[in-house]
Amino acid sequence: MFDLLSNANTQWVLIGSIMLGFASGVIGSFVLLKKQSLISDAMAHATLPGVGLMYIMFEYKSIPLFLIGATMTALLATYSIQLIIKHSRIKTDAAIGSVLSVFFALGIVFLTYISKNTSGNHSGLDDFIFGQAASLVASDVRMITIGSAILILLSALFFKEFKITIFDPLYAMGLGLPVRFLNMVLLGLVVGIVVIGIQMVGVVLIAALLITPPLSARYWTDQLGYMTILSGIFGAVSGVAGTVISTIGEGLPTGPMIVLSTSVIFLFSLLLGSKKGLIPKVVSTHEL
Amino acid sequence: MNALSVQNLTVTYDKTPVLQHVGFDIPKGSLTGIIGPNGAGKSTLIKAILQLIPRTSGDIQVYGKPYHRKRRLIGYVPQRSEVDWDFPTSALDVVLMGRYGHIGFIKRPGKKEIQMAQEALRKVGMEDYQDRQISQLSGGQQQRVFLARALAQDARIYFMDEPFVGVDAATEKAIIQLMQEWKDEGKTVLVVHHDLQTVEDYFDHVLLLNKSPVGCGPTQKVFTMENLKQTYGGSLKFIGEHSVVLQERV
């Protein structure tokens with residue numbers, strides 16, 4: 001085990017998982033408070049056909065190309081959801097559910113087509129579904145690390161603006177803040193984290209990395225600033241734990257391991273969290 | 001001089017007009033109550049003036065200049081029910097938001113901003129609650145936090161959407177006191193209000209609205225039974241000369 005962890009490549013992967021986990025915890029805090037967790041899950045699933053399409057068109061694995069494809073289909077899915085809600089009698093949950101399935105199904109069709117009909121090295125494409133940290137090469141890890149750093153930086157820069165537009169969008173508009181632009185930036189951050197995270201965590205489960213860490217963090221603090229940092233730390237710890245477990249237990253997919261780690265932290269927070277955790281709540285009611 | 005001048009404002013939801021050809025002038029330093037039945041478009045009017053919702057037509061001038069050039073002068077107190085009070089933030093943090101327009105993009109609030117926010121909280125009697133999570137405040141206290149935020153914004157024209165709904169006596173007093181203070185400083189205040197019995201006590205001007213304005217001007221002149229009947233249709237019952245009771249049609 002220690003041999004494995006002292007391996008330079010593994011160390012890089014660990015740094016990548018820390019950064020990715022931290023970034024998704026931070027961005028997830030905004031997404032959760034904006035009540036867009038479900039949309040972010042749909043966006044994650046919708047990146048798959050974009051990735052597949054790019055591979056079919058160019059026949060080689062290129063992360064920048066995949067990013068472009070994934071962004072396009074994720075945005076298309078978001079737009080479709082908004083369109084359906086606005087112009088039909090279909091409600092939000094049904095709209096999200098159906099769009100998510102359609103895009104994911106399309107992605108699976110593309111991946112199947114690729115594995116049957118294209119030549120070249122398409123190994124690793126399957127990893128986009130559940131994530132596989134072991135398949136990451138140095139350039140992937142570099143992309144994840146730098147990408148996460150940029151996303152964290154943007155979240156820090158726009159922190160005050162995100163806070164007011166999520167808490168009170170009308171008031172923010174009244175102050176003359178570019179609320180639409182800020183919503184676009186936040187959407188961009190979500191697409192960004194999904195796209196750079198899919199290789200490690202997979203499209204099916206990346207949304208859990210956006211949702212669960214902030215949920216856990218909310219049990220420990222009533223301040224948005226602390227919540228985002230704590231959520232980032234929870235995400236980073238889960239990232240590392242999942243990566244280590246999946247690297248040691250050969251063949252275990254990374255995504256599910258990371259998500260199970262976030263869930264353990266969540267259970268712990270739900271029970272013991274200082275703000276409305278179940279046990280402190282029971283104790284304080286009995287004291288009163 | 002008119003602080004606010006609205007001309008030919010029309011707002012449409014799904015092809016149904018909510019406001020039609022609304023035009024009126026509000027003099028500087030006045031306290032105006034915006035009065036009308038449910039669904040008359042009172043909140044919509046405020047939101048359309050503040051450009052928070054799209055409008056079909058309309059020209060809005062602030063101190064004789066187009067609205068977008070004078071945006072800085074406008075303060076807004078939304079309805080309390082429009083935000084999620086479980087949001088992880090403190091009373092002081094919410095009041096600080098009033099300074100965001102002044103602080104500028106990306107920059108953080110400094111010592112001066114925090115002092116202004118604390119001063120605003122003190123003015124509404126909430127200085128002991130600055131670190132309190134906002135969900136742990138009573139309805140009246142939440143309203144006072146919103147008032148403090150508007151105060152911290154240091155605007156010249158204030159729009160308030162139903163500030164008296166569901167508040168305790170202390171908060172009601174704080175709102176009235178603040179409105180009076182603003183008036184004395186030459187500021188202009190417009191308030192969506194639905195308690196007809198207090199109109200004459202609170203406001204020196206009224207705007208009677210039912211999709212389009214029925215009357216606008218000094219309270220004594222405009223707040224007449226004739227006009228009220230026209231605004232509310234048959235849903236009003238008059239008792240005595242000066243007190244009116246709103247009665248829903250069954």
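Per chain, numbering begins at 1; letters A, B, ... match sequence-line order. Because the structure is predicted, anything quoted here is derived from the model rather than measured.
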Inset, instruction - Check whether any side-chain heavy atom of B/P88 lies under 4.5 Å from a side-chain heavy atom of A/T221, and answer yes or no. - result: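 No, their side chains stay 4.5 Å or more apart.
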Most chain A-contacting option - heavy-atom pairs closer than 4.5 Å, from [options]:
options: B/K107, B/R72, B/Q136; answer: B/K107
options: B/I106, B/I134, B/I53, B/I74; answer: B/I106
options: B/L50, B/L96, B/D93, B/V77; answer: B/D93

Legend entry - Plane angle bin for B/F105 and A/F158 - parallel if under 30°, tilted between 30 and 60°, otherwise perpendicular: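 Taking B/F105 first and then A/F158, their aromatic rings stand perpendicular (interplane angle over 60°).
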Which atom names give the shortest non-hydrogen contact between [X] and [Y], and what distance separates them?
X: A/M173; Y: B/R71; answer: O-NH2, 3.3 Å
X: B/G104; Y: A/K160; answer: O-NZ, 2.8 Å
X: A/D168; Y: B/P78; answer: OD2-CG, 3.7 Å
X: A/A156; Y: B/R108; answer: O-NH2, 2.6 Å
X: A/G174; Y: B/L52; answer: N-CD2, 3.5 Å

Which region of [X], side chain (C-beta onward) or backbone (N, CA, C, O), has a non-hydrogen atom less than 4.5 Å from a non-hydrogen atom of chain B, or is it both or neither?
X: A/M227; value: side chain
X: A/K275; value: neither
X: A/L182; value: side chain
X: A/P178; value: side chain
X: A/K34; value: neither

Legend entry - Heavy-atom pair count under 4.5 Å with chain B, highest-scoring of A/L170, A/L175, A/L177, A/V179: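 The residue among A/L170, A/L175, A/L177, A/V179 with the greatest pair count is A/L170.
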Inset, instruction - Decide yes or no on side chain to side chain contact (heavy atoms under 4.5 Å, CB included) for A/E161 and B/Y100, but give the supporting numbers first. - result: CA-CA 8 Å; A/E161 282 74 19; B/Y100 281 13; over 6 Å; no
Legend entry - Evaluation steps, side chain to side chain contact (heavy atoms under 4.5 Å, CB included), between B/E82 and A/Y171: CA-CA 10 Å; B/E82 280 180 9; A/Y171 184 75; over 6 Å; no
